[in-house]
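So the structure is just underneath, and the comments pick up after that.
Quick note on labels: first sequence line is chain A, next is B, and so on, each numbered from 1.
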Amino acid sequence: MEYNFHEIESKWQQKWENDNAFRRVEDPNKEKYYMLEMFPYPSGKLHMGHVRNYSIGDVITRYKTMRGYNVLHPMGWDAFGLPAENAAIAHGIHPSTWTWDNIDNMRQQLKGLGFSYDWEREVATCHPSYYKWTQWMFLQLYKNGLAYKKKSYVNWCPSCSTVLANEQVVNGQCERCGTAVGKKDLEQWFFRITKYAERLLNDIEKLKGWPEKVKIMQKNWIGRSEGAMVNFKIEGTDETITVFTTRPDTIYGVTYMVLAPEHPMVLELVKGTEYESKALEFIDKVQHMNEITRTSEETEKEGLFIGRHAINPMNGERVPLFIANYVLLEYGTGAVMGVPAHDQRDFEFATKYDLPIIPVIKPERDDIDISNLKEAFEAEGVMINSGPFNGLSNVEGIQKIIEYMEQKDIGKRHVNYRLRDWLISRQRYWGAPIPIVYCDNCGIVPVPEEQLPVILPTDVAFKGKSQSVLLDNQSFIKTTCPQCGQSARRETDTMDTFVCSSFYFLRFTDPKNTEAPFSREKAEYWMAVDQYVGGVEHAILHLLYARFFTKFLYDLGLSPVDEPFTNLLTQGMVLKDGAKMSKSKGNVVSPEEIIDKYGADTARLFILFAAPPDRDLEWSDQGVEGCYRFLNRVWRIVNDFKDVCVDSGNEDGTASLSEQDKQLRYVVHNTIKRVTVDIEERFNFNTAISAVMELVNALYQYRDKVAPAQQNRAVIKEAISNLLLLLAPFAPHITEELWELTTHEGSIHEQPWPTFDSEALVQDQIEIVVQINGRVRDRVMVAADASQQEVEGTVLSLPKIKDLIGDKNVSKVIVVPKKLVNIVVKG
RNA sequence: GCGGAAGUGGCGGAACAGGCAGACGCUGCAGUUUGAGGGGCUGUUGCCCAUAACGGGCGUAAGGGUUCGAGUCCCUUCUUCCGCACCA
């Protein structure tokens, strides 16, 4: 009988669906395991990255299930976002139609791959039953002062015509479309993620099951630095400028001050002075520089004196005030003190504009030559030129100066974060509407919870481009104020889609709840996610936001955990010809064609076999063929032994074992051990599969080398059963079919995971490698229980070894039990 | 510049606590089965020397070190990929 994967795969997919095989509910008597893969954006079709992501998750799910866990394995759709809107604009399809069609299509594809999802729990973020809770989350944040609106310079993508979060700007370009991002001064909604900065940073330590790389990326993104806020008075005004510095110990070396060109105080300071026009010109120039060159270290530092002086609060020195391109409004206070002797950027700036360079730290040993300073001295040392602080180590000086400043009320200790608040407004249609109403009497009014969801209207027309169609939708905009009942206006911005994906893992624990986003009880059973799998591209954005939400919900008493994901696996990319698969490069292999030609089992097997999951994977058509060949080999050998399996019943054949029987049993039980360790401890599916391949090879050997009359049916049956069980998580359809064929009862996926028999792993003869001076010269079989002396004696009496030693001196013999003997020979 | 990961045959990759480098798969070659093709099966496949045969030498980015023994540990250097990047 041929291996007809089409028939087999659809047969079992049907059966699993009819039997609700993957439905899971809370069961207090069983240990739970929450397996989650990052849910996809419904772009239309699965790509190989999806297949990889979900194959990894499915192996773990099926394995853990066989290990007896109650495994939660849900799937859903991150369904809001721009591509739907772009499709609508380009093809005249409504984003909703486009999205739901894609979801239907991709759900079919996922089922066609045989993934074991509990489809009863499916969610789509664009469905009112879901975004009701997205809006609800917004309201909770708002109530707790963590959602607020402010006017600020924000990142603006002209192509997507919407604002972007800092995290969505990559190299000054829009993360989505690659267009250079500009700045706009807009009123926008923010989430105060900065309030959680410290905890988000400190709790990274709890994430023992996360890759180091991701943790470091998050640490750097949060970017904590300790220092002080220092106030500088502006001469001739009542104004004070506050700077943040990590080096208060260098404050006596301040020789100038700089503001970011966009700093709100700049215009005031130059107003009506001779410097005004030049300053405006400079600001304009800097703003038209794009973000990439602006923030590159190579870009030459440029500045402009704006006619004012600041007073150093420590020593009363008068220093000139500049604006310069290298100071960023977004970081710290948007103002810095210039200490050219001890900061390389300041050094370059001071050199260019001929500003004094005053060293205030000298190295422990050598004296610093002021006239000869080639670069800033940024290392630690001893304080000089610093009044009462002279002679202190600068590390001590930092503390002393901060204390002094706090006493004199000229500054204070401060911890600064690079992390900015999360800008969540989007000027787009296809997203969850922000549940806010603007009333002329009452101002900003949140929509009451009982009025949620604020439904996204579907009667919209996509005429032109760029602008959100919500702006034209008067029936949506016009509303009444929930407080005073007078006519009012709805917020037309929608939320960043990352808001939707920041709590979906909690929603999965209780997806149909209409009273709450999820019940505490169910979340208590299922959370936290035991294993999360997805691409490393979400290392910062999604994973940081999800952690923030979880902590917030934990503080509200809703979430039972304050970290959502216990273990994280970041899978590598799928490459072809060394590059990421992409339409533009024309190197895309579609999952559909592979499944059609070889079946889902082959597709899954290949993608797991070709590389360890965390590494990039090079696609190989021949490699796929190889996996297909392997499954055919499995098919044939099991069919060959079918009758043996069926007839042998439960006969115990382990009583009289031949050498070959023992060998086969050794391979079988060793394979159980290897596969278990590979899955359990390392997620090394590639080596797990290769171990199963070796088992199949051993079965063929046994079939061909042992005369049929000598074959031990119980040993064969044991080998076949275990082969199928070990392969089941990887290739679920063919193993299910062969399990049935060999008249095993029940679904193979409900069987317990096999355990190895350590008896079978005991060998009475062991091969010992014989080395002379570290080179392999011979090998010999010895009894497994032979003593070191016996082994040494055996080895030294081997003819070949005797020959090679000749009359040379044996100075040492090293015996590594059960492995090797190394004879050290001199002369 | 900073941080991270990596560098092993023709290719993807093994080698888990310092003990046989190249498991497993692909590719190539030779043979076999078959009417042919496909497919299956058997052998072989790191490089060099030798070859009737036994065999021998060299090999894990480069160089050095520790060790009876190093892909693995230490030092120096190089390359590639990824992330961050004027962060005060």
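Nucleic acid contact class of A:D616 (heavy atoms, under 4.0 Å, all strands): sugar-phosphate only. Using a 4.0 Å heavy-atom criterion, one finds that A:R633 contacts the sugar-phosphate atoms exclusively. Using a 4.0 Å heavy-atom cutoff across all strands shown, A:N686 reaches sugar-phosphate atoms only and no base atom. In this structure, A:Q771 reaches the bases: a heavy-atom distance under 4.0 Å links it to at least one base atom across the strands shown. As judged by a 4.0 angstrom heavy-atom cut-off over every strand, A:I216 is placed among residues touching the sugar-phosphate backbone only. Within 4.0 Å (heavy atoms only), A:G626 reaches sugar-phosphate atoms of the nucleic acid but no base atom. Residue-level contact check: A:V824 touches the backbone only, with heavy atoms under 4.0 Å from sugar-phosphate atoms and none from bases. Across all strands shown, A:R775 has heavy atoms under 4.0 Å from sugar-phosphate atoms exclusively, and none from any base. Counting any heavy atom pair closer than 4.0 Å across all strands shown, A:R674 reaches no nucleic acid atom. Within 4.0 Å of A:R682, counting heavy atoms only, lies at least one base atom of the nucleic acid. Contacts of A:T333 with the nucleic acid, taken as non-hydrogen atoms under 4.0 Å apart, are absent. A:F630 comes within 4.0 angstrom of no nucleic acid atom, judged by non-hydrogen atoms across all strands.
Rounding to whole angstrom units, CG of residue A:N632 and C1' of B:rG38 are separated by 13 Å. Taking atom CD1 of A:I204 as the reference point, atom P of B:rG3 lies 18 Å away to the nearest angstrom. Rounded to whole angstrom, the span from the CD atom of A:Q173 across to the C1' atom of B:rA85 amounts to 15 Å. Atom NE2 in A:H538 sits roughly 15 Å away from atom C1' in B:rG83 (whole-Å rounding).
Taking the P atom of each, B:rG13 and B:rG7 are spaced 10 Å apart, rounded to whole Å. Between the P atoms of B:rG9 and B:rG71, the separation comes to 14 Å (whole Å). B:rA5 and B:rC74: their P atoms are spaced 13 Å apart (whole Å). Taking the P atoms as reference points, B:rC29 lies 16 Å from B:rG46, given to the whole Å. Going from the C1' atom of B:rU34 to that of B:rU44 covers 23 Å, rounded to whole Å. B:rG43 and B:rC26 have their P atoms separated by 14 Å, given to the nearest Å. Taking atom P in both B:rA21 and B:rA61, one finds a spacing of 16 Å when rounded to whole Å. Here the separation of B:rG83 from B:rC11, taken at their C1' atoms, is 28 Å to the nearest Å.
With B:rU27, B:rA88, B:rC24 as the candidates, the nucleotide lying closest to the side chain of A:S690 is B:rC24. Nearest to the side chain of A:F609, among B:rC68, B:rA88, B:rG12, sits B:rG12. The nucleotide whose nearest atom lies closest to any side-chain atom of A:R418 is, among B:rC87, B:rC20, B:rC24, B:rC87. The A:R636 side chain lies nearest to B:rC41 when the options are B:rC41, B:rC82, B:rG19. Of the candidate nucleotides B:rC86, B:rA14, B:rC24, B:rA14 has the atom lying nearest to any side-chain atom of A:R615. Checked against B:rA14, B:rG12, B:rA88, the side chain of A:P612 finds its nearest nucleotide in B:rA14. For A:V769, the listed nucleotide lying nearest its side chain is B:rC20; candidates were B:rC41, B:rA88, B:rC20. Closest to the side chain of A:V816, out of B:rU27, B:rC86, B:rG19, is B:rG19. Relative to the side chain of A:Y331, the nucleotides B:rA21, B:rA88, B:rU27 differ in distance, and B:rA88 lies closest. Which of B:rG4, B:rA88, B:rA23 sits closest to the side chain of A:E694 comes down to B:rA23.
Pairing partner, B:rC29: B:rG43, with both Watson-Crick or wobble hydrogen-bond distances short of 3.5 Å. Checking B:rG59 for Watson-Crick or G-U wobble geometry (two distances, each under 3.5 Å) identifies no partner in any strand. Taking a pair to require two hydrogen-bonding distances under 3.5 Å in either a Watson-Crick or a G-U wobble arrangement, B:rG35 remains unpaired. Nucleotide B:rG3 forms a pair with B:rC82, judged by Watson-Crick or G-U wobble geometry with both contacts under 3.5 Å. Base-pair partner of B:rU72: not found among the strands shown (Watson-Crick or G-U wobble, both distances under 3.5 Å). Judged by Watson-Crick or G-U wobble contacts below 3.5 Å, the nucleotide B:rA52 has no partner. Remark: B:rA21 base-pairs with no nucleotide in the shown strands. Criterion, Watson-Crick or G-U wobble with two distances under 3.5 Å.
Between A:N697 and B:rG25, a side-chain N or O to OP1/OP2 separation shorter than 4.0 Å is present. Checking the phosphate oxygens (OP1, OP2) of B:rG56, a side-chain nitrogen or oxygen of A:R777 falls inside 4.0 Å. Contact annotation: A:K812 reaches the phosphate of B:rC68 (side-chain N/O to OP1 or OP2, under 4.0 Å). Here A:T687 does not reach the OP1 or OP2 of B:rG13: none of its side-chain N or O atoms lies under 4.0 Å away.
Taking the six-membered ring wherever Trp is involved, the centroid distance between the rings of A:W422 and A:F498 does not fall below 6.0 Å.
Taking the syn range as angles within 90° of 0, the glycosidic angle of B:rG9 is syn. Applying the 90° cutoff around 0 to the glycosidic angle, B:rA17 is assigned syn.
Judged by distance alone, with hydrogens and angles left aside, A:K301 brings a side-chain donor or acceptor within reach of the base of B:rC86, the pair sitting under 3.5 Å.
Within the cation-pi definition used here (under 6.0 Å to the ring centroid, within 45° of the axis), A:K301 does not qualify as a partner of A:F349.
Around NZ of A:K412, the count of heavy atoms belonging to other residues, nucleotides or ligands within 6.0 Å does not exceed 12.
A tilted orientation is assigned to the rings of A:F322 and A:Y353, their planes being inclined by 30° to 60°. The aromatic rings of A:H538 and A:H542 stand perpendicular to each other, their planes meeting at an angle above 60°, with 30° marking the opposite boundary.
Here the CG-CZ distance, from A:D614 to A:R682, works out to 11.0 Å after rounding to the nearest 0.5 Å. Atom NZ of A:K219 and atom CZ of A:R418 lie 15.0 Å apart (nearest 0.5 Å).
Look at A:R224 and A:E198 and you find a salt bridge, because one of the NZ, NE, NH1 or NH2 atoms lies within 4.0 Å of a carboxylate O, short of that distance. Using a 4.0 Å cut-off between charged side-chain N and carboxylate O, A:D640 and A:R703 make a salt bridge.
Each of A:T602, A:N697, A:V692 was checked for a side chain to side chain contact (heavy atoms under 4.5 Å, CB included) with A:F630, and the lone residue meeting it is A:V692.
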